Amino acid sequence: MKEDPGMKKVYENMKPGVVSLHGFLGSDKRNIEQIVEHDLVTLGELGLTTETIADMLEKLRDKAFSGFGEWVDIGGGLLAKSDSIRGKLPCPFEHKGLYRKTVTSIRGEGLDKEVIYTDLGIHLVREHGFFQGKGSPFRLEPEQLFYIFEKFVYE
Ligand SMILES: [Zn+2]
């Protein structure tokens, strides 16, 4: 794959301490395009799109937000919680605008570990098909999202 010079800057932005404290890549050694490509294939195999996932993450965030910091039952033995953190983050792909640092957590039976994401994370999925690198605290595993998608009861 030919190196896109624009992506070099994006890659720099994703390192820890540039846009966010932990960065977006975790311990993943792949480049951003490879991470995106691999997750999109997995998502396709699961019959999902980035749009569907981003919509779900937004609805879950809103549902969690209604709990004002307490865990909220979202169906299927899953709980969600929303924590507002002061401050905003820019998109590492250098889009204009800032994203709230609201952190949504989902936990419950059937999940390997707590699924945690921010509003920026939703944007990264929707606009960039980017679920973050392996080992990033905000990494979203397509299989786990699929599990939540199957359980979450929309109201
Ligand atoms: Zn963006």
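Because the structure is a prediction, the values reported are computed rather than measured. Counting starts at 1 for both ligands and their atoms, following the listed order.
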Sub-2.8 Å protein N, O or S atoms surrounding the Zn ion (ligand 1)
Cys91 SG, His95 ND1, His123 NE2, His128 NE2
Is there a path of hydrophobic side-chain contacts, each under 4.5 Å between heavy atoms of I, L, V, M, F, W or Y residues, that connects Leu78 with Trp71?
no
Evaluate the criterion side chain to side chain contact (heavy atoms under 4.5 Å, CB included) for residue pair Ile122 and Tyr99; output intermediate values, then yes/no.
CA-CA 10 Å; Ile122 301 174; Tyr99 298 85; over 6 Å; no
Residues two or more places apart in sequence or in another chain: which of them pass salt bridge (Lys or Arg N to Asp or Glu O under 4.0 Å) with Glu150?
none
Could you tell me which residues satisfy salt bridge (Lys or Arg N to Asp or Glu O under 4.0 Å) with Lys81, sequence neighbours excluded, listed by chain and number?
Asp83
Residues in side-chain hydrogen bond (donor to acceptor under 3.5 Å, both in side chains) contact with His128, at least two apart in sequence or another chain
His95, His123
From NZ (Lys9) to CG (Asn13), nearest 0.5 Å:
4.0 Å
